[in-house]
Undergrad: 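Structure in structure tokens, see below.
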Amino acid sequence: MSYYLTTPIYYVNSTPHIGHAYTTIAADIFVRHHRQRGEDTFFLTGVDEHADKVARVATEQGLEPQEYVDQIVTAWKELPELVNASIDYFIRTTDEGHKTFVQDFLQRIYDNGDVYQDVYAGLYCVGCEAFKSDDELVDGKCPDHGVEPEWIEEKNWFFRLSAYQDKLLALYAERPDFVLPEFRANEARGFIAGGLRDFSISRATQTWGIPIPWDPVQVAYVWADALVNYVSALTYAPKAELGFWPGRHLLAKDILRFHCVYWPALLLSAGYEVPKQLFVHGYLNLEGRGISKSLGNVIDPRKLIDVYGVDPLRYWVARAAVFGQDADVSVESFQERYERELGNDLGNLVSRTTAMIAKYRDGRIPVAPGLGDQAAVERLATEVPRRLDDFDLTGAIELIWEFVRSLNKFVTDAKPWELAKDEANADELDRVLYALADGLRIAAITLQAYLPETAPKILAALGQPEDVSWDGVAYGKTVSGEPVVAAEPLFPRVEAPAAAA
RNA sequence: GGCGGCGUAGCUCAGUGGUUAGAGCGACGGACUCAUAACCCGUAGGUCGGUGGUUCGAAUCCACCCGCCGCUACCA
């Protein structure tokens with residue numbers, strides 16, 4: 001079994017914000033989970049560096065485009081590190097290996113007869129990096145940038161997307177889970193069924209990009225370049241191999257069309273398999289508004305991490321929205337999750353468990369199986385993977401949290417402090433403490449993908465081996481290991497919510 | 001306009017034909033003391049957007065109406 005997952009590559013000229021962190025963290029949770037199951041995994045993210053705007057900004061700063069992107073790529077390379085994403089490779093579209101592969105890829109679709117030359121003309125807004133139709137303009141100006149678009153007319157190479165309508169429809173019909181959630185697949189299918197127009201894959205007036213092999217004065221336009229990265233990386237990244245293809249892909253809803261329509265068509269044309277699955281997630285809206293630079297409400301993930309730590313941010317990603325849906329979020333809601341769930345439910349459970357083992361049994365976990373909800377453990381062991389296989393990030397954590405809550409209830413019902421008062425109850429107290437420690441050990445392993453820093457801390461607090469393989473999600477594997485002492489709070493109270501922006 | 005979807009307790013939502021419609025959060029009351037004033041229990045009496053149908057029976061199926069949202073092409 002192999003599991004290859006990619007995020008979109010982010011546009012290097014932008015700035016990393018919570019939206020990028022959202023995708024990257026979600027992807028990391030899936031990947032870490034599959035690693036726990038012992039699968040051969042590969043996790044790719046990176047940046048798209050070829051765009052006209054990049055070249056223009058570089059020129060303004062008196063730099064070569066390559067020098068410029070080499071500078072600004074730093075912020076993007078830090079993103080996975082910042083959110084503790086266990087990536088295997090960070091791709092840049094300026095990688096030599098990528099360029100070589102793209103040229104080969106383009107040659108393949110050319111040889112396949114899917115490319116032809118035509119004139120491309122229209123009003124182009126440099127700010128948007130997009131052609132605008134008349135009805136999109138306000139007073140002849142781009143509503144987003146307030147400038148008049150330029151008239152551009154050039155001979156471009158076009159990809160015969162229209163020739164792939166039937167094949168794409170057949171693909172969607174044969175594989176109902178090709179695009180998830182289902183309503184996104186419906187959108188894509190509706191778009192395809194409405195008729196497909198060919199699109200331009202080259203730019204004649206630009207030089208910053210990958211030269212078209214049969215017409216080197218032109219460079220590849222974004223889709224013919226960026227979308228190819230998910231395969232190209234496998235041909236040259238360390239430890240990668242083409243055998244990982246086809247993989248799975250995560251994306252936000254704004255780029256659905258390109259990834260769910262253009263990309264599969266390009267792959268078919270070039271003779272590659274289409275992805276196994278594409279999961280389209282929604283947006284996090286801050287206080288009811290979209291997150292955008294122009295609104296000035298961009299949350300810097302770094303600020304949240306500085307105040308709360310990485311794991312709370314990762315936890316929030318899984319909890320803030322039903323994965324796939326949009327959701328309104330706020331810094332207050334983040335704080336709420338942190339205190340109520342991480343602090344009170346989980347952190348406090350670790351505190352009370354370790355404190356009782358230390359107090360009643362001198363820190364030694366009595367190996368006394370018998371109590372504890374074995375059926376619940378078995379449910380976790382099979383149902384959490386099943387949900388994560390369906391990209392149900394939220395449903396899986398919900399299941400795990402029900403288990404965490406049940407452990408708190410177990411403590412209240414079993415009343416270890418009562419049992420401790422009478423030596424005659426020693427055996428029963430042993431069994432209670434064991435069941436508690438075992439449940440917490442299991443919870444830690446199931447949470448590892450979500451909370452990679454916290455899970456090992458819990459195992460360590462219980463004196464258990466660091467092994468987080470999924471086999472450990474089984475009843476009665478807790479050992480009487482290193483002495484247990486009352487643990488320090490895992491998620492201490494934080495004074496005030498971190499400021500947004 | 002076309003296609004798709006939504007409207008359920010104060011909030012976020014689950015529930016798609018069948019006993020008294022559920023969860024989490026918030027609020028109120030109680031209990032407990034192992035623990036990060038945490039945890040546990042109870043209460044919340046909501047025309048399940050509206051109207052009319054189908055059915056022994058509908059939040060759950062159908063029709064219409066009201067309100068809201070997504071997609072409807074080359075923007076990372």
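Residue numbers start from 1 in every chain, and the chains themselves are labelled A, B, ... in the order their sequence lines are given, proteins ahead of strands.
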Undergrad: Within the structure shown, what part of the strands sits under 4.0 Å from A:L349 by heavy-atom distance: base, sugar-phosphate, or nothing?
TA: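 A:L349: no heavy atom of the nucleic acid under 4.0 Å.
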
Undergrad: Pick from A:I109, A:L106, A:I201: which one makes a side-chain contact (heavy atoms from CB on, under 4.5 Å) with A:W157?
TA: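 Exactly one option meets the side-chain contact (heavy atoms from CB on, under 4.5 Å) with A:W157, and it is A:I201.
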
Undergrad: Determine the Euclidean distance between corresponding C1' atoms of B:G17 and B:C25; express it in Å to zero decimal places.
TA: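 Between the two C1' atoms, the distance is 31 Å.
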
Undergrad: What pairs with A:S406 under side-chain hydrogen bond (donor to acceptor under 3.5 Å, both in side chains), at least two apart in sequence or on another chain?
TA: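 A:S406: no side-chain hydrogen bond (donor to acceptor under 3.5 Å, both in side chains) contacts found.
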
Undergrad: Tell me whether the OP1 or OP2 atom of B:C39 has a side-chain N or O from A:N344 closer than 4.0 Å.
TA: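 Yes, A:N344 has a side-chain N/O under 4.0 Å of OP1/OP2 on B:C39.
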
Undergrad: Under a 3.5 Å cutoff on both atom distances, Watson-Crick or G-U, what's the dot-bracket for RNA chain B ([ ] crossing, | other strand)?
TA: ((((((((.[[[[.)..(...]]]].((((.........)))).....[[[[[..)....]]]]])))))))....

Undergrad: Give a yes or no on whether the backbone of A:E453 and the side-chain of A:D311 come within a donor-acceptor separation of less than 3.5 Å.
TA: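 Confirmed, A:D311 side chain pairs with A:E453 backbone.
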
Undergrad: Partners of A:D326 by salt bridge (Lys or Arg N to Asp or Glu O under 4.0 Å), sequence neighbours excluded?
TA: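 Expected list: A:K253.
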
Undergrad: With a 3.5 Å cut-off and just heavy-atom distances, do the side chain of A:N348 and the base of B:A35 make a donor-acceptor pair?
TA: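 Yes, a donor-acceptor pair under 3.5 Å.
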
Undergrad: Would you measure the distance from the P atom in B:G57 across to the matching atom in B:U8 and give it in whole Å?
TA: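 Taking atom P in both B:G57 and B:U8, they lie 27 Å apart.
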
Undergrad: Give me the distance, rounded to whole Å, that separates B:G42 from B:C61 when you measure between the P atoms they each carry.
TA: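 Pairwise P distance, B:G42 against B:C61, rounds to 32 Å.
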
Undergrad: Would you mind classifying the nucleic acid contact of A:G343 as base, sugar-phosphate or nothing, using non-hydrogen atoms under 4.0 angstrom?
TA: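 Base, at least one base heavy atom under 4.0 Å.
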
Undergrad: Check whether any side-chain heavy atom of A:V317 sits under 4.5 Å from a side-chain heavy atom of A:F323, and report yes or no.
TA: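 No, side chains not in contact.
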
Undergrad: Which of these passes ring-ring contact (aromatic ring centres under 6.0 Å, His included) with A:W263: A:F105, A:W223, A:Y230?
TA: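 Result for ring-ring contact (aromatic ring centres under 6.0 Å, His included) with A:W263: A:Y230.
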
Undergrad: Ring centroids only, cut at 6.0 angstrom: are A:W316 and A:Y308 within range, meaning strictly under it?
TA: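 No.
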
Undergrad: Just how far, in rounded Å, is P of B:C75 from CG of A:D48?
TA: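 Result: 12 Å.
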
Undergrad: Closest to the A:N408 side chain: B:C40, B:A76, B:U36?
TA: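 The answer is B:C40, which lies nearest to the side chain.
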
Undergrad: In whole Å, what is the span from the NZ atom of A:K253 to the C1' atom of B:C75?
TA: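 Rounded to the whole Å, the gap is 16 Å.
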
Undergrad: Given the P atoms of B:A73 and B:C13, what is the spacing between them in whole Å?
TA: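 Looking at atom P only, B:A73 and B:C13 are 28 Å apart.
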
Undergrad: A:R197 has a side chain; which of B:A73, B:A76, B:C75 sits nearest to it?
TA: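 Per side-chain heavy atoms of A:R197, the pick is B:A73.
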
Undergrad: A:L490 has a side chain; which of B:A76, B:U36, B:G70 sits nearest to it?
TA: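 Side chain of A:L490 sits closest to B:U36.
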
Undergrad: Using 30° and 60° as the class limits, which term best fits the ring planes of A:F279 and A:F391: parallel, tilted or perpendicular?
TA: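 A:F279 and A:F391: parallel rings.
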
Undergrad: When we call it a touch if two heavy atoms are under 4.0 Å apart, what does A:F191 touch: a base, just sugar-phosphate, or nothing?
TA: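 Base, at least one base heavy atom under 4.0 Å.
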
Undergrad: Let me know the distance between CG of A:L256 and P of B:C3, rounded to the nearest Å.
TA: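 From A:L256 CG to B:C3 P: 20 Å.
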
Undergrad: Which residues pass the salt bridge (Lys or Arg N to Asp or Glu O under 4.0 Å) test with A:E398, sequence neighbours left out?
TA: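 Scan of A:E398 (salt bridge (Lys or Arg N to Asp or Glu O under 4.0 Å), adjacent residues dropped) gives A:R319.
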
Undergrad: Could you state the CZ-C1' distance from A:R160 to B:A73, rounded to the nearest angstrom?
TA: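 In whole Å, B:A73 C1' and A:R160 CZ are 18 Å from each other.
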
Undergrad: It should be established whether A:Y262 places a side-chain nitrogen or oxygen under 4.0 Å from OP1 or OP2 of nucleotide B:C75.
TA: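 No, no such contact exists.
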
Undergrad: Distance check: side-chain N/O of A:R189 vs OP1/OP2 of B:G4, anything under 4.0 Å?
TA: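 For A:R189, the contact criterion (side-chain N or O under 4.0 Å from OP1 or OP2 of B:G4) is not met.
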
Undergrad: Using a heavy-atom cut-off of 4.0 Å across all strands, would you classify A:W401 as base, sugar-phosphate, or nothing?
TA: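 Counting heavy atoms under 4.0 Å across all strands, no contact is made by A:W401.
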
Undergrad: Heavy-atom nearest nucleotide on RNA chain B for A:G195 versus A:H259: which residue maps closer to 5'?
TA: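 Its nearest nucleotide being more 5', the pick is A:G195.
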
Undergrad: How would nucleotides 22-34 of chain B be written as a contact map, 5' to 3', with B for base contact, S for sugar-phosphate-only contact and - for no contact, using protein heavy atoms under 4.0 Å?
TA: --SSS-----SSB

Undergrad: In whole Å, I'd like the distance from the CG atom of A:D326 to the C1' atom of B:C71.
TA: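 My rounded result for the distance is 13 Å.
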
Undergrad: Whole angstroms only, please: what is the CD-P distance between A:E187 and B:A73?
TA: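 One finds 13 Å between P of B:A73 and CD of A:E187, rounded.
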
Undergrad: Would a line drawn from the ring center of A:F258 to the ring center of A:F199 be shorter than 6.0 Å?
TA: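 No.
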
Undergrad: Taking the P atom of each, how far is B:A38 from B:G18, in whole Å?
TA: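 Each nucleotide's P atom is 40 Å from the other's.
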
Undergrad: Suppose we screen for side-chain hydrogen bond (donor to acceptor under 3.5 Å, both in side chains). Which residues come up paired with A:T446, at least two apart in sequence or across chains?
TA: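 Listed in chain order: nothing, the list is empty.
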
